[in-house]
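In what follows, a single structure is set out as structure tokens and then discussed.
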Amino acid sequence: MKYNNRSKAVLLLKDGTIFHGKSIGIEGVTFGEVAFNTGTSGYQEVFTDPSYFGQIMVTTNAHIGNYGVNDKEVESDSIKISGLVCKNFSFNYSREDASGSLFDYFQKQNLIVISDVDTRALVSYIRDNGAMNAVICTDGTPIEELKEKLAQTPDMNGLELASQVSTKEAYFFGNEEAKYKISALDLGIKTNILRNLAARDCYVKVFPYNASFEDLKAFNPDGYFLSNGPGDPDPLESAQQLAREILKINKPLFGICLGHQVIGLANGISTYKMFNGHRGINHPVKNVLTGKGEITSQNHGFAVVKEDLEKHPDFEITHLHLNDGTVAGMRMKSKNCFSVQYHPEASPGPHDSSYLFDQFIYNIESSKN
């Protein structure tokens, strides 16, 4: 391999802390909230997950890019992270069915990357001090100028981002002759969610984030789905109203991640921004209904308030995160509605929770009888 003399780069946190590294060769400046993902594989799926929009991603795995990229391993039509921080960036790759290198993939979409960072120290710092805004600079912009611009970057708390990743026009996914019809609200939907529904004989119509109940109802669906997505759920008032309207007619409703939070808010259950979110593919969750454990894929920086949920007479907790006791799932007692805070579609991640899609189909079947 030819040796390349790479230029210096910096990661500047909002509190003024600076981490030094090197540019991989794509010059520029990018802003976002710094977050870390503990997955050891599946980096392409992570980078294209719309739930990561607005995030500067720190990967705890030491090597990124070593197996290249594959055109089929994407969760949306483009890279959604704002920038990447890693320890070792691999320009070469060694997977037989790779479509190309991660560097070329990043270069085409102009993603700013800083490597050779002490990511163990950085993650430890974020764990102690919480998620915060940051900037990656690979073009030599003076630190004082970066600080001024960083101070003007909006905080994730209160920030509505679903509108920036949602589809602009409704579209269809799956077999038109499928047994079930699903209306899905796209708050930042992952492609593997659609694959999971299609594999269970569902024909899905995907609607923009601000679609009305009348829009979704006009498809005459057997069930409704509220997707994952980025940002704070509180500003999503139209999605919350949509959830209320669906609950009024008591058709099967399934929510994931941001959709889970929207269902909570629609019923007076508040949400909060976590000190550090859950991002990785090895998060332990307990199904309190069955007593079984699940290893799950997670990506969220907000959560529903557990105390609010426990006080609500029509809700019960179905899943708990075993690391910190936060709510990982809930269901309504009088309505055909359930939701989870994590990602049962995985990609990347384990398939322990794929049964939740089967539960959704079971609810649809039960509602017909």
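If you read the sequence from its start, that first residue is 1, and numbering goes on from there. Excluded from the calculations below are hydrogen atoms, water molecules and symmetry mates; all remaining heavy atoms, backbone and side chain alike, are included. Just so you know, these numbers come straight off a predicted model, no measurement behind them.
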Compute the ring centroids of F173 and Y171, then answer whether they are less than 6.0 Å apart. no
Donor on one side chain, acceptor on other, D215 and S212, under 3.5 Å: yes
When you compare the side chains of Y43 and N61, does any donor N or O come within less than 3.5 Å of an acceptor on the partner? no
Side-chain H-bond candidate by donor/acceptor type, E75 with S347, under 3.5 Å: yes
K72 atom NZ, over 12 foreign heavy atoms within 6.0 Å: no
Do K80 and S78 meet the criterion of a side-chain donor-acceptor pair at a distance under 3.5 Å? yes
Got more than 12 heavy atoms from elsewhere within 6.0 Å of NZ, K286? no
Mind telling me whether F225 and F360 have parallel, tilted or perpendicular rings, with 30° and 60° as the class edges? tilted
So, taking the atom named OG in S166 and the one named CZ in F207, what distance separates them when rounded to the nearest 0.5 Å? 11.5 Å
Pair L146, V10 - check side-chain contact (heavy atoms from CB on, under 4.5 Å), show working. CA-CA 10 Å; L146 292 175; V10 296; 4.2 Å; yes
Under 3.5 Å donor-acceptor, D49 side chain and S51 backbone: yes
When every non-hydrogen atom of L187 is compared with those of S227, the smallest separation belongs to N-OG, 2.8 Å
Applying side-chain contact (heavy atoms from CB on, under 4.5 Å), run through F19 and Y125 and close with a yes or a no. CA-CA 11 Å; F19 286 83; Y125 189 85; 4.2 Å; yes
Out of H283, H319, H300, H321, which one pairs with Y342 under the side chain to side chain contact (heavy atoms under 4.5 Å, CB included) rule? H319
Can you check salt bridge (charged side-chain N to carboxylate O under 4.0 Å, His left out) on R6 and D116, steps first, answer last? CA-CA 11 Å; R6 296 191 283 129; D116 295 80; 2.8 Å; yes
Take I26 and T138 through the side-chain contact (heavy atoms from CB on, under 4.5 Å) test and state the conclusion after the steps. CA-CA 7 Å; I26 303 170; T138 61; 5.9 Å; no
Kindly check if the number of other-residue, nucleotide or ligand heavy atoms within 6.0 Å of CD (E237) is above 12? no
Are any of the side-chain heavy atoms of L226 and L253 separated by less than 4.5 Å? yes
Minimum heavy-atom separation for F103 and F91, please, with both atom names. CD1-CE2, 3.7 Å
Test item: side-chain donor near acceptor, E294 and Y355, under 3.5 Å: yes
Is it true that T296 and Q298 share a donor-acceptor pair across their side chains at a distance under 3.5 Å? yes
Close side-chain approach of N133 to F31, heavy-atom, < 4.5 Å: no
Taking atom CZ of R95 as the centre, does the number of heavy atoms from other residues, nucleotides or ligands within less than 6.0 Å exceed 12? yes
Determine whether a donor-acceptor pair (N or O, by modelled atom type, separation under 3.5 Å) exists between the side chain of Q261 and the backbone of F302. yes
Taking the side chain as every heavy atom from C-beta outward, state whether N66 and S94 have any pair of such atoms under 4.5 Å apart. no
May I ask you to test the I263-M330 pair for a side-chain heavy-atom distance under 4.5 Å? yes
Closest heavy-atom pair and its distance - D128, F275: O-CZ, 3.4 Å
Considering only NZ, NE, NH1 and NH2 on the basic side and carboxylate oxygens on the acidic side, decide whether E144 and K147 come within less than 4.0 Å. yes
In this structure, would I56 and V135 fall into the same cluster of hydrophobic residues linked by side-chain contacts under 4.5 Å? no
Hey, are the side chains of F47 and V69 touching, using non-hydrogen atoms and a 4.5 Å cut-off? no
For the side chain of S101 and the backbone of D104, is there at least one donor-acceptor N/O pair under 3.5 Å apart? yes
Considering all heavy atoms, the nearest A303-Q341 contact: CA-OE1, 3.9 Å
Residues E245 and Q241: side-chain donor-acceptor under 3.5 angstrom: yes
Less than 4.5 Å apart, any side-chain heavy atom of P344 and any of I256? yes
Any luck finding a side-chain donor-acceptor pair between S354 and N196 under 3.5 Å? no
For F172 and Y203, I'd like to know if the aromatic rings sit close, meaning centre-to-centre distance below 6.0 Å. yes
Per the side-chain hydrogen bond (donor to acceptor under 3.5 Å, both in side chains) rule, what does the pair list look like for residues 324-334, sequence neighbours excluded? H278-D324, D314-S334, E316-R331, D324-T326
Salt-bridge present (K273, D155; N to O < 4.0 Å): no
Kindly say whether N37 contributes a backbone atom to a donor-acceptor pair with the side chain of T60 at under 3.5 angstrom? yes
In terms of the angle between their ring planes, are F357 and F254 parallel, tilted or perpendicular, with boundaries placed at 30° and 60°? perpendicular
Do S367 and N336 get their side chains close enough for a donor-acceptor pair, meaning under 3.5 Å? no
Count the heavy atoms of every other residue, nucleotide or ligand shown that sit under 6.0 Å from NZ of K181, and state whether that count exceeds 12. yes
Can you get from V165 to V206 by hopping between Ile, Leu, Val, Met, Phe, Trp and Tyr side chains that sit under 4.5 Å apart? no
Would V46 and T59 satisfy side-chain contact (heavy atoms from CB on, under 4.5 Å), going step by step from the backbone distance to the final call? CA-CA 10 Å; V46 168; T59 50; over 6 Å; no
Any ion pair linking E145 and K149 (charged N to carboxylate O, less than 4.0 Å)? yes
Y362, OH: over 12 other non-hydrogen atoms inside 6.0 angstrom: no
Do I364 and I182 come close enough that some side-chain heavy atom pair is under 4.5 Å? yes
Which atom of P284 lies closest to which atom of N323, heavy atoms considered: CG-OD1, 3.4 Å
Is D358 paired with R200 through a side-chain N to carboxylate O contact shorter than 4.0 Å? yes
Hey, does K190 have a side-chain heavy atom less than 4.5 Å from the side chain of E45? no
Measuring from I189:CD1 to T167:OG1, what's the distance to the nearest 0.5 Å? 10.0 Å
